[in-house]
Undergrad: 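This is the structure, below, for whatever I ask next.
Predicted, not measured: the structure shown is a model, and the values here were computed from it.
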Amino acid sequence: MAAKGVGKTRGTVYDFPDFDANQDAETLHKAMKGFGTDEDAILNLLTQRSNAQRQQIIAGYKTVIGKDLVDDLKSELSGKFESLIVALMLPPDHYDAKELHDALKGAGTSEDVLIEILASRTNGQIHRIVAAYKEDFESNLEEDLASDTSSYFQRVLVSLVQGNRSVAEADPSQAEEDAKALYEAGENAWGTDEERFIAILCSRSVPHLLAVFDEYQKINDIDLEDSIASECSGSLQSVMLAIVKCVKNTPAYFAEKLYNAMKGAGTDDSTLMRVIVSRSEIDLADIKDAYKAKYDEAVHSAIMGDTSGDYRDSLLKICGGED
């Protein structure tokens, strides 16, 4: 889902020039063999390679060293630094699949993770995630979602995991009709017609939904986000709001996720790590700009204040230079 008014998005991690997968494999092996581990060498190399290049390094490591690189990294590293480096080594669709599986199969269901991933990914990304989930866990993502969630929240997730959102341009007359339908289903109704909200928010194209949101504001003189906040509650409210926020401005949505992960006492490291890793080659530079604009603080400064050690240094490397 693209941000409103934004053309090409900007990541912070790109292909490394003069790349040599076998040479990088040997450098990593040297950093891990013998007594002690050169964590700096590992983080400096892997955070400056694109994910596609990391996959080539994995293959090169097995060719020139005869061992599995990810297994060696797991045995040599520990804690949050290990988790971050291992996350970097997974292809994006497999990383998302793992995060969804962990959210569904851990102690309880992590609705926030399900919402974040399924509300923000494109049709193509969703299809690749579903395939990766099947490959890695020999299970059906839609069935697992259905078995671990319920009611209208379940129905939204099942709709999103189809990856079948329209890609059509906005239809002004249809946008007006959809806006009126949302108004009649919520603000102007006794109770809320959740099915109407699901049908429109989960199937219409991003350009069309932007037009619907504008029409809704004209009809009701209120933002759709405010209506959803008053008409829905719990996980259903959260997923509906996430869809609307991602349609309006995806980087701003993830900037808010980063802020909430780092504010207050303690840090939500799993969210911090997931956002930075998953968006590093997509729109992390735009997320940093949105963060600075909304919270008057640089992501770099927030990470410096909330993390430490090699984990912090790796996060900062992935984020690029200071904002």
Side-chain angles (χ1 to χ4, degrees), residues 1 93-123 125-166 178 181-204 206 209 212 224-248 250 253-254 256-257 260-261 268 270-271 274-275 278:
M1 297 180 186
D93 47 357
H94 290 265
Y95 180 53
D96 279 346
K98 174 189 177 297
E99 291 293 290
L100 289 169
H101 186 263
D102 290 349
L104 288 164
K105 299 304 178 183
T109 301
S110 300
E111 286 89 357
D112 286 350
V113 178
L114 306 180
I115 292 167
E116 175 195 314
I117 293 175
L118 295 178
S120 65
R121 293 341 187 224
T122 65
N123 287 347
Q125 288 169 332
I126 293 288
H127 295 156
R128 291 190 291 274
I129 291 166
V130 169
Y133 191 95
K134 181 74 172 179
E135 178 184 343
D136 293 346
F137 306 108
E138 298 182 349
S139 188
N140 183 284
L141 177 55
E142 179 183 331
E143 292 175 1
D144 286 354
L145 288 167
S147 67
D148 274 60
T149 58
S150 60
S151 192
Y152 288 111
F153 178 56
Q154 175 197 84
R155 290 167 67 172
V156 173
L157 297 182
V158 169
S159 178
L160 292 174
V161 83
Q162 304 311 306
N164 198 31
R165 181 179 295 284
S166 169
D178 285 345
L182 289 174
Y183 176 61
E184 295 298 332
E187 292 284 349
N188 202 40
W190 183 261
T192 305
D193 181 356
E194 290 90 352
E195 290 184 354
R196 178 54 53 191
F197 274 82
I198 294 170
I200 293 173
L201 292 180
C202 295
S203 68
R204 305 294 197 262
V206 170
L209 284 175
V212 171
L224 183 59
E225 287 184 48
D226 295 326
S227 291
I228 290 171
S230 65
E231 294 292 325
C232 304
S233 61
S235 297
L236 177 62
Q237 179 194 91
S238 297
V239 72
M240 292 286 197
L241 287 174
I243 292 169
V244 173
K245 288 176 180 180
C246 286
V247 167
K248 287 182 176 180
T250 307
Y253 169 74
F254 282 108
E256 182 179 349
K257 295 288 292 186
N260 289 333
D268 179 356
S270 60
T271 297
R274 184 175 57 254
V275 171
S278 66

Undergrad: Ignoring hydrogens, what is the shortest heavy-atom contact between Ser278 and Asp96? Give both atom names and the distance.
TA: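 Looks like CB-OD1, 4.4 Å.
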
Undergrad: With a 4.5 Å heavy-atom cut-off, do Leu224 and Phe197 have their side chains touching?
TA: yes

Undergrad: Measure the spacing between OG of Ser203 and CD1 of Ile198 and express it to the nearest 0.5 Å.
TA: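 Spacing of OG (Ser203) from CD1 (Ile198) equals 11.0 Å.
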
Undergrad: Which atom pair, heavy atoms only, marks the closest approach of Ser235 to Glu111?
TA: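 Distance-wise, the nearest heavy atoms are OG-CG, 3.6 Å.
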
Undergrad: Are Lys98 and Asp102 side-chain neighbours, meaning at least one heavy-atom pair lies under 4.5 Å?
TA: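 Yes, at least one pair of side-chain atoms sits under 4.5 Å.
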
Undergrad: Please tell me if the side chains of Val156 and Leu236 come closer than 4.5 Å, counting only heavy atoms from C-beta onward.
TA: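 In contact.
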
Undergrad: Might you point out which heavy atoms bring Lys257 and Val275 nearest each other, and give the distance in Å?
TA: CB-CG2, 4.2 Å

Undergrad: For residues Leu241 and Glu225, report the shortest heavy-atom separation together with the two atoms involved.
TA: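 Between these two residues, the closest heavy atoms are CD2-O, 3.5 Å.
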
Undergrad: Phe153: what forms a ring pair (Phe, Tyr, Trp, His ring centres under 6.0 Å) with it, not counting sequence neighbours?
TA: none

Undergrad: Just wondering, do Leu160 and Val239 contact through their side chains at under 4.5 Å, heavy atoms?
TA: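 With C-beta onward as the side chain, the pair touches.
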
Undergrad: Considering non-hydrogen atoms only, spot the tightest contact between Ala97 and Phe137 and give its length.
TA: O-CE1, 3.6 Å

Undergrad: I need the Ile200 CD1 to Leu182 CG distance, nearest 0.5 Å.
TA: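 Reported to 0.5 Å precision, the distance equals 4.0 Å.
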
Undergrad: Are Lys105 and Asp148 close enough that some pair of their side-chain heavy atoms sits under 4.5 Å apart?
TA: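 Touching, per the 4.5 Å side-chain cut-off.
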
Undergrad: List the steps and the verdict of side-chain contact (heavy atoms from CB on, under 4.5 Å) for Leu145 and Leu114.
TA: CA-CA 9 Å; Leu145 288 167; Leu114 306 180; 4.1 Å; yes

Undergrad: Going by heavy atoms in the side chains, are Tyr133 and Leu104 under 4.5 Å from each other?
TA: yes

Undergrad: At what distance, to the nearest 0.5 angstrom, does OG of Ser120 lie from CZ of Phe254?
TA: 3.5 Å

Undergrad: How far apart are the closest heavy atoms of Arg274 and Tyr95, and which atoms are they?
TA: CA-OH, 3.2 Å

Undergrad: Between Arg165 and Leu201, is there a donor-acceptor pair closer than 3.5 Å when you use the side chain of the first and the backbone of the second?
TA: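 At least one qualifying donor-acceptor pair exists.
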
Undergrad: If you round to the nearest 0.5 Å, how far is OG of Ser147 from CD of Gln154?
TA: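 OG of Ser147 is found 8.5 Å from CD of Gln154.
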
Undergrad: Hey, are Arg155 and Glu194 close enough for a salt bridge, meaning a charged N less than 4.0 Å from a carboxylate O?
TA: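 No, this pair does not count.
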
Undergrad: Check whether any side-chain heavy atom of Glu116 lies under 4.5 Å from a side-chain heavy atom of Glu99, and answer yes or no.
TA: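 They are not in side-chain contact.
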
Undergrad: Hey, is the main chain of Gln162 close enough, under 3.5 Å, to the side chain of His127 for a donor-acceptor pair?
TA: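 A pair under 3.5 Å: yes.
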
Undergrad: I'd like to know if the side chain of Gln237 and the backbone of Ala229 have a donor-acceptor N/O pair within less than 3.5 Å.
TA: yes

Undergrad: Treating Thr250 as the side-chain partner and Cys246 as the backbone partner, does any N or O pair qualify as donor plus acceptor under 3.5 Å?
TA: yes

Undergrad: Measuring only between side-chain heavy atoms, which start at C-beta, is Leu209 closer than 4.5 Å to Lys248?
TA: no

Undergrad: Pick one: which of Asn123, Leu118, Ile117 meets side-chain contact (heavy atoms from CB on, under 4.5 Å) with Arg121?
TA: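 Among the candidates, only Ile117 passes.
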
Undergrad: Look up atom CD1 in Ile243 and atom NZ in Lys245, then write down how far apart they are to the nearest 0.5 Å.
TA: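 Those atoms lie 12.5 Å apart.
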
Undergrad: If you round to the nearest 0.5 Å, how far is CG of Leu141 from NZ of Lys134?
TA: 11.0 Å

